[in-house]
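Here it is, the structure, as structure tokens.
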Amino acid sequence: MVKPGSKARAEASDVLEVVDALTSAGIDSWLDGGWGVDALLGEQTRPHQDIDLVVELRNVATMRSILAGHGFELIEGVPESNFVLRDGRDREVDVHPVRFDDAGNGVYRMEEGGDWIYSAAGFGGRGTIAGRPVTCLTAEMQMVGHAGGYTPAETDFHDMRLLHERFGTPLQGPYVEAQPPAG
């Protein structure tokens, strides 16, 4: 969601700043998307334009208040669904709020009103950013989350290929067709 022409990037220090601010306030968050993949891999494999986070819906108001103290303001979306925060340095945080059901699944209300489910097991990812432990979605949940609902970018193909190569995560959706033929 970085604005056109922007050269802003989300660096490892930016991720840790956001995650540390939330953790200090007792707010759980899970990295998703590019930084979530790189956390699982334990290394930065490409530049990142934003920080994708999953947080519990009941913590969104507190999260926004905490990140406002770091200069982040709402620029797009609604807090009940996907929304984006940006600061004066053009750093962006793309947030997917969930409510947890009785089974521990994260229920995400999509913009058109339907629900998308993050499996309870999908919140068990652990990784590192710049050598620091962080929570993230699992490799399997990353693959499921990136397999449909939008047209993947080249970075998505890069990320899903790395998950497949490193962890054996089965390719899904458009990534299956992009897999090089065996032989």
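FYI, side chains are in, hydrogens and waters are out, and symmetry mates aren't considered; it's all heavy atoms of this structure.
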When every non-hydrogen atom of Ser81 is compared with those of Arg109, the smallest separation belongs to OG-O, 2.8 Å

Does some side-chain heavy atom of Val15 sit less than 4.5 Å from a side-chain heavy atom of Val134?
no

Distance col, row Glu11:CD vs Ile129:CD1, nearest 0.5 angstrom, shows 11.5 Å

Correct closest heavy-atom pair for Ala139 and Phe167 would be CB-CD1, 4.0 Å

So Thr45 and Leu162, do their side chains get closer than 4.5 Å, heavy atoms only?
yes

Any side-chain donor near an acceptor of the partner, Asp38 and His48, under 3.5 Å
yes

So, for Ala103 and Ala120, which heavy atoms are closest and what is the spacing to 0.1 Å?
O-CB, 3.5 Å

Report whether Leu53 and Val98 are members of the same hydrophobic cluster (ILVMFWY, side-chain heavy atoms less than 4.5 Å apart, transitive linking).
no

Given side chains that start at C-beta, do those of Glu73 and Arg86 come closer than 4.5 Å, heavy atoms only?
no

Which of parallel (below 30°), tilted (30 to 60°) and perpendicular (above 60°) describes Tyr118 and Phe123?
tilted

Which atom pair, heavy atoms only, marks the closest approach of Glu111 to Asn82?
OE2-OD1, 3.9 Å

Side chains of Arg64 and Phe72 in contact at under 4.5 Å (non-hydrogen atoms):
no

Trace of the side-chain contact (heavy atoms from CB on, under 4.5 Å) decision for Met160 with Met143
CA-CA 6 Å; Met160 297 308 109; Met143 186 68 71; 3.7 Å; yes

Taking only residues two or more places apart in sequence or in another chain, which ones pass salt bridge (Lys or Arg N to Asp or Glu O under 4.0 Å) with Asp159?
Arg46

I'd like to know whether Glu76 forms a side-chain contact (heavy atoms from CB on, under 4.5 Å) with Asp94, so could you lay out the CA-CA distance, the side-chain angles of the two residues, the decisive distance to 0.1 Å, and finally the verdict.
CA-CA 9 Å; Glu76 185 177 322; Asp94 187 355; over 6 Å; no

So CZ of Arg91 and CG of Asp50: to nearest 0.5 Å the spacing works out to 12.5 Å

Determine, stepwise, if the pair Leu40 / Arg166 fulfils side-chain contact (heavy atoms from CB on, under 4.5 Å).
CA-CA 10 Å; Leu40 290 166; Arg166 181 81 57 93; over 6 Å; no

Quick one, Asp156 and Thr151 - any side-chain contact, counting heavy atoms below 4.5 Å?
no

State whether the side chain of His164 and the backbone N or O of Thr169 hold a donor-acceptor pair below 3.5 Å, judged by distance alone.
yes

Flag the pair Ile117 / Val107 as yes when at least one side-chain heavy-atom distance between them is below 4.5 Å, and no otherwise.
yes

Please say yes or no: joined through hydrophobic side-chain contacts below 4.5 Å, possibly via intermediate residues, are Val55 and Phe100 part of one cluster?
no

With rounding to the nearest 0.5 angstrom, report the CG to CG distance, Leu171 to Leu163.
9.0 Å

Going from CD on Glu92 to CZ on Arg9, what distance comes out if it is rounded to the nearest 0.5 angstrom?
14.0 Å

Give the minimum heavy-atom separation between Phe157 and Pro174, together with the two atoms involved.
CE2-O, 3.7 Å

Set out, in order, the CA-CA distance, both residues' side-chain angles and the distance that settles side-chain contact (heavy atoms from CB on, under 4.5 Å) for Asp87 and His70, then state yes or no.
CA-CA 8 Å; Asp87 74 357; His70 291 258; over 6 Å; no

Rounded to the nearest 0.5 angstrom, the CZ-CG distance for Arg126 and Leu31 is 11.0 Å

Using every non-hydrogen atom in the two residues, find where Ala130 and Ala12 come nearest and quote the distance to one decimal.
CB-CB, 4.2 Å

Ignoring hydrogens and angles, tell me if any N or O in the side chain of Gln142 forms a donor-acceptor pair with the backbone of Gly33 under 3.5 Å.
yes

The reported gap from OG1 in Thr23 to CG in Asp28 (rounded to nearest 0.5 angstrom) is 7.5 Å

In the structure I gave you, are the side-chain heavy atoms of Met63 and Leu85 within less than 4.5 Å of one another anywhere?
yes

Any chain of hydrophobic side-chain contacts (each under 4.5 Å) joining Leu57 to Trp116?
no

Holding to salt bridge (Lys or Arg N to Asp or Glu O under 4.0 Å), I want the full list of residues that pass it with Asp20, two or more places apart in sequence or in another chain.
Arg132

4.5 Å side-chain heavy-atom contact, Val78 and Phe83:
no

Do Ile51 and Leu22 belong to the same hydrophobic cluster, where Ile, Leu, Val, Met, Phe, Trp and Tyr are linked whenever their side-chain heavy atoms lie under 4.5 Å apart, directly or via other members?
yes

Among the clusters formed by ILVMFWY side chains lying less than 4.5 Å apart, do Val93 and Leu16 turn up in the same one?
yes

